Chemist: 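Starting off with a structure, shown below.
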Amino acid sequence: MTTTIQNFPEVGEIVVATVTRIVDQGAYVALDEYNNVQGFLHVSEIATGWIRNVAKFLKVGEKKVLLVKRVDPRRSEIDLSLKQVSSDQKKKKLLEIKRGEKEEALIENLKSRISLSESEMGKLENVLVEKFGSVYDAFSEVSTKGISVLDNLNISPKALTIIAELGSKIQVPHVEIRGIFELTCNKSNGIEIIKHALIDSTANKKEISITYIGAPKYRITLTAPNFKEAEKELKPIISSVQDAIEKKGGTFKFTREESKKTREG
């Protein structure tokens with residue numbers, strides 16, 4: 001005889017659940033991450049205000065991101081809330097689920113292509129998790145920084161080749177900010193002064209490009225993981241270019257263009 005120990009979520013945890021049955025008082029759901037253990041979503045926790053018909057808000061088979069309000073493992077009771085989940089919590093949870101699914105696919109792909117046993121794959125996963133926090137984050141780092149991030153981790157050359165290939169297919173979310181420099185310098189070597197001001201300010205920065213639009217305009221494009229880091233990177237560049245041009249008696253103007261954000265894919 002085998003005894004199955006059912007895991008339960010913790011109060012305050014954000015979970016994903018599938019609606020299984022709708023009743024007048026609310027809806028019964030199955031928690032996807034907890035072996036489909038049943039929970040209950042009371043009508044008062046579905047939305048603000050009075051709800052006449054639960055079926056107008058929920059459909060059987062529909063997945064919802066919910067907040068765990070109460071857990072009683074002895075009676076297998078879990079009370080949940082939909083209305084108390086913020087949009088940020090919902091986005092974060094769905095991204096977590098999406099990454100988990102991608103991680104499983106990456107692991108299966110890697111295991112099949114290099115013929116690793118369960119034990120060998122487990123060891124490789126442990127190495128990646130210890131270094132990067134998760135297998136998915138390891139592949140993301142490979143995608144953005146190259147396979148050299150796995151140096152000194154004692155991973156076989158064949159595994160490294162496959163990881164590099166799979167990592168290159170991951171689209172890591174990033175932002176792109178752009179702006180226009182309008183630069184003039186009337187000295188005889190004014191073009192060289194402008195050229196060096198732009199080159200020197202962006203030296204050794206891989207995620208930045210400068211393109212010539214037409215005198216006196218030059219576009220700078222900068223990519224980073226998020227807007228905060230992008231702005232932090234851009235600010236000293238603008239100051240550097242301005243100082244270099246104005247010290248030579250030139251004129252400086254910078255205009256921001258529309259920013260872009262690329263989602264994870």
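Note that the coordinates shown come from a computational prediction; the quantities given were computed from them, not determined experimentally. Position 1 is the first residue of the sequence, and the numbers go up from there.
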Chemist: For the atom pair OG (Ser86) and NZ (Lys91), what is the distance rounded to the nearest 0.5 Å?
Modeler: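 The OG atom of Ser86 sits 9.5 Å away from the NZ atom of Lys91.
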Chemist: Does Arg256 form a salt bridge (charged side-chain N to carboxylate O under 4.0 Å, His left out) with Glu231? I'd like the steps, not just the answer.
Modeler: CA-CA 11 Å; Arg256 288 293 296 271; Glu231 294 293 346; 3.0 Å; yes
Chemist: Below 4.5 Å, heavy atoms only, C-beta onward: do Glu176 and Arg178 meet side chain to side chain?
Modeler: yes
Chemist: Strictly distance-based, threshold 3.5 Å: is any side-chain N or O of Lys92 a donor or acceptor partner for the main-chain N or O of Ser87?
Modeler: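 No; zero donor-acceptor contacts below 3.5 Å.
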Chemist: State whether Lys93 and Glu33 are salt-bridged, where the test is any N-O pair (Lys NZ or Arg NE/NH1/NH2 against Asp/Glu carboxylate O) under 4.0 Å.
Modeler: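 So Lys93 pairs with Glu33 through a salt bridge.
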Chemist: Identify the two heavy atoms, one from Asn7 and one from Val37, that lie closest to each other, and give their separation to 0.1 Å.
Modeler: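 Here Asn7 and Val37 meet closest at O-CG1, 4.4 Å.
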Chemist: For the residue pair Asp200 / Ser240, report whether a side-chain donor-acceptor contact shorter than 3.5 Å exists.
Modeler: no
Chemist: Would you check if there is a donor-acceptor pair between the side chains of Glu13 and Tyr34 at a distance under 3.5 Å?
Modeler: yes
Chemist: Could you tell me whether Lys131 and Glu141 make a salt bridge, using a distance below 4.0 angstrom between a side-chain N and a carboxylate O?
Modeler: no
Chemist: Would you compute the distance between atom CD1 of Ile245 and atom NZ of Lys248 and round it to the nearest 0.5 angstrom?
Modeler: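 The CD1 atom of Ile245 sits 10.0 Å away from the NZ atom of Lys248.
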Chemist: Got a donor-acceptor contact below 3.5 angstrom from the Asn226 side chain to the Glu229 backbone?
Modeler: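 Present.
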Chemist: Between Ile14 and Val68, does a side chain to side chain contact (heavy atoms under 4.5 Å, CB included) hold up when you go through it step by step?
Modeler: CA-CA 6 Å; Ile14 302 296; Val68 178; over 6 Å; no
Chemist: Look at atom CD1 of Ile191 and say whether more than 12 heavy atoms of other residues, nucleotides or ligands are closer to it than 6.0 Å.
Modeler: no
Chemist: So Glu77 and Arg70, salt bridge (charged side-chain N to carboxylate O under 4.0 Å, His left out) or not? Walk me through it.
Modeler: CA-CA 8 Å; Glu77 293 180 349; Arg70 185 182 73 88; 2.9 Å; yes
Chemist: To the nearest 0.5 Å, what is the distance between NZ (Lys253) and CG (Leu183)?
Modeler: 12.0 Å
Chemist: Run the side chain to side chain contact (heavy atoms under 4.5 Å, CB included) check on Phe40 and His42 step by step: do they pass?
Modeler: CA-CA 6 Å; Phe40 186 69; His42 191 267; 4.0 Å; yes
Chemist: Return yes if a side-chain donor-acceptor contact under 3.5 Å exists between Thr223 and Glu207, otherwise no.
Modeler: yes
Chemist: If we ignore hydrogens and angles and just use 3.5 Å, is the side chain of Ser76 paired with the main-chain N or O of Asp72 as donor and acceptor?
Modeler: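 Flag not set: sc Ser76 to bb Asp72 has no pair under 3.5 Å.
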Chemist: Hydrophobic clustering (ILVMFWY, side-chain heavy atoms < 4.5 Å, transitive) - are Leu124 and Val135 grouped together?
Modeler: yes
Chemist: For Tyr212 and Tyr218, I'd like to know if the aromatic rings sit close, meaning centre-to-centre distance below 6.0 Å.
Modeler: yes
Chemist: When the side chains of residues 150-162 are checked against the rest of the protein, which donor-acceptor pairs come out under 3.5 Å, sequence neighbours left out?
Modeler:
residue : atom : partner : partner atom : Å
Ser156  : OG   : Ala159  : N            : 3.2
Thr161  : OG1  : Pro157  : O            : 3.0

Chemist: Heavy atoms only: give me the nearest Ser81-Glu45 pair and the separation to one decimal.
Modeler: OG-OE1, 2.5 Å
Chemist: Rounded to the nearest 0.5 Å, what's the gap from CD on Glu120 to CD1 on Ile114? Could you check?
Modeler: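 That separation rounds to 8.5 Å.
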Chemist: Could you pull out the closest heavy-atom pair between Ile220 and Leu234, with the gap in Å?
Modeler: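 For Ile220 and Leu234, the tightest heavy-atom pair comes out as CD1-CD1, 4.0 Å.
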Chemist: Please report the shortest heavy-atom distance between Ile193 and Ala244, naming the atom on each side.
Modeler: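 The answer is CG2-O, 4.5 Å.
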Chemist: Do the side chains of Ser44 and Ile46 get nearer than 4.5 Å, heavy atoms only?
Modeler: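 Not touching, per the 4.5 Å side-chain cut-off.
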Chemist: Kindly give the heavy-atom pair with the smallest separation between Val85 and Gln89, and that separation in Å.
Modeler: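 Residues Val85 and Gln89, closest heavy atoms: CA-OE1, 3.6 Å.
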Chemist: Quick one: are Phe181 and Phe252 in side-chain contact, heavy atoms under 4.5 Å?
Modeler: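 Yes, their side chains come closer than 4.5 Å.
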Chemist: Short question: side chain of Ser140, backbone of Tyr136 - any donor-acceptor pair under 3.5 Å?
Modeler: yes
Chemist: Hey, does the side chain of Asp137 reach the backbone of Gly133 with a donor-acceptor pair shorter than 3.5 angstrom?
Modeler: no
Chemist: Going by heavy atoms in the side chains, are Ile210 and Arg219 under 4.5 Å from each other?
Modeler: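 No, too far: nothing below the 4.5 Å cut-off.
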Chemist: Closest approach of Ser134 and Glu103, non-hydrogen atoms and distance?
Modeler: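 For Ser134 and Glu103, the tightest heavy-atom pair comes out as CB-OE1, 3.6 Å.
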Chemist: Any salt bridge linking Arg113 with Glu165? Criterion: basic side-chain nitrogen under 4.0 Å from a carboxylate oxygen.
Modeler: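 Between Glu165 and Arg113 there is a salt bridge, with a charged N closer than 4.0 Å to a carboxylate O.
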Chemist: From Leu66 CG over to Asp79 CG, what is the distance, rounded to the nearest 0.5 angstrom?
Modeler: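 Reported to 0.5 Å precision, the distance equals 11.5 Å.
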Chemist: Begin with the C-alpha distance, continue with both residues' side-chain angles, and end with the deciding distance and a verdict on side chain to side chain contact (heavy atoms under 4.5 Å, CB included) for Asp32 and Lys63.
Modeler: CA-CA 9 Å; Asp32 294 11; Lys63 291 186 182 295; 2.6 Å; yes
Chemist: For the hydrophobic clusters of this structure (ILVMFWY residues joined by side-chain heavy atoms under 4.5 Å, transitively), does one cluster hold both Val16 and Ile78?
Modeler: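 Val16 and Ile78: separate clusters.
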Chemist: Tell me, do Glu125 and Ile107 make a side-chain contact under 4.5 Å, heavy atoms counted?
Modeler: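 SC-SC contact between Glu125 and Ile107 confirmed.
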Chemist: Would you say the side chain of Thr221 lies within less than 4.5 Å of the side chain of Thr211, judging by non-hydrogen atoms?
Modeler: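 No, every pair of side-chain atoms sits at 4.5 Å or beyond.
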Chemist: Contact between Val29 and Leu80 at the side-chain level, heavy atoms closer than 4.5 Å - yes or no?
Modeler: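 A side-chain contact exists here, since the closest heavy-atom pair is under 4.5 Å.
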Chemist: With a cut-off of 3.5 Å and sequence neighbours excluded, list every side-chain donor-acceptor pair involving residues 49-61.
Modeler:
residue : atom : partner : partner atom : Å
Asn53   : OD1  : Ala55   : N            : 3.0
Lys59   : NZ   : Ala55   : O            : 3.0

Chemist: Under a 4.0 Å N-O cut-off, is there an ion pair linking Lys111 with Glu108?
Modeler: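 Here Lys111 pairs with Glu108 in a salt bridge, since their nearest N and O are under 4.0 Å apart.
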Chemist: Cluster question for you: counting only ILVMFWY and a side-chain heavy-atom cut-off of under 4.5 Å, with indirect links fine, are Phe132 and Met121 together?
Modeler: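 Yes.
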Chemist: Do Ile208 and Ile180 land in one hydrophobic cluster if side-chain heavy atoms of ILVMFWY residues count as linked below 4.5 Å?
Modeler: no
Chemist: Consider only side-chain heavy atoms of I, L, V, M, F, W and Y, link residues closer than 4.5 Å, and tell whether Ile213 and Ile238 are in one cluster.
Modeler: no
Chemist: Report, as yes or no, whether the 6.0 Å neighbourhood of atom NZ on Lys83 holds more than 12 heavy atoms from other residues, nucleotides or ligands.
Modeler: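 Yes, enclosed.
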Chemist: To the closest 0.5 Å, what do you measure between CD1 (Ile97) and NZ (Lys102)?
Modeler: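 Between Ile97 CD1 and Lys102 NZ, I get 13.0 Å after rounding to 0.5 Å.
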Chemist: Going through the distances and angles, do Lys64 and Leu41 end up as a side chain to side chain contact (heavy atoms under 4.5 Å, CB included)?
Modeler: CA-CA 11 Å; Lys64 291 292 184 180; Leu41 178 60; 5.8 Å; no
Chemist: Val175 versus Leu222: any side-chain heavy-atom pair under 4.5 Å?
Modeler: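 Heavy-atom side-chain distance check fails, nothing below 4.5 Å.
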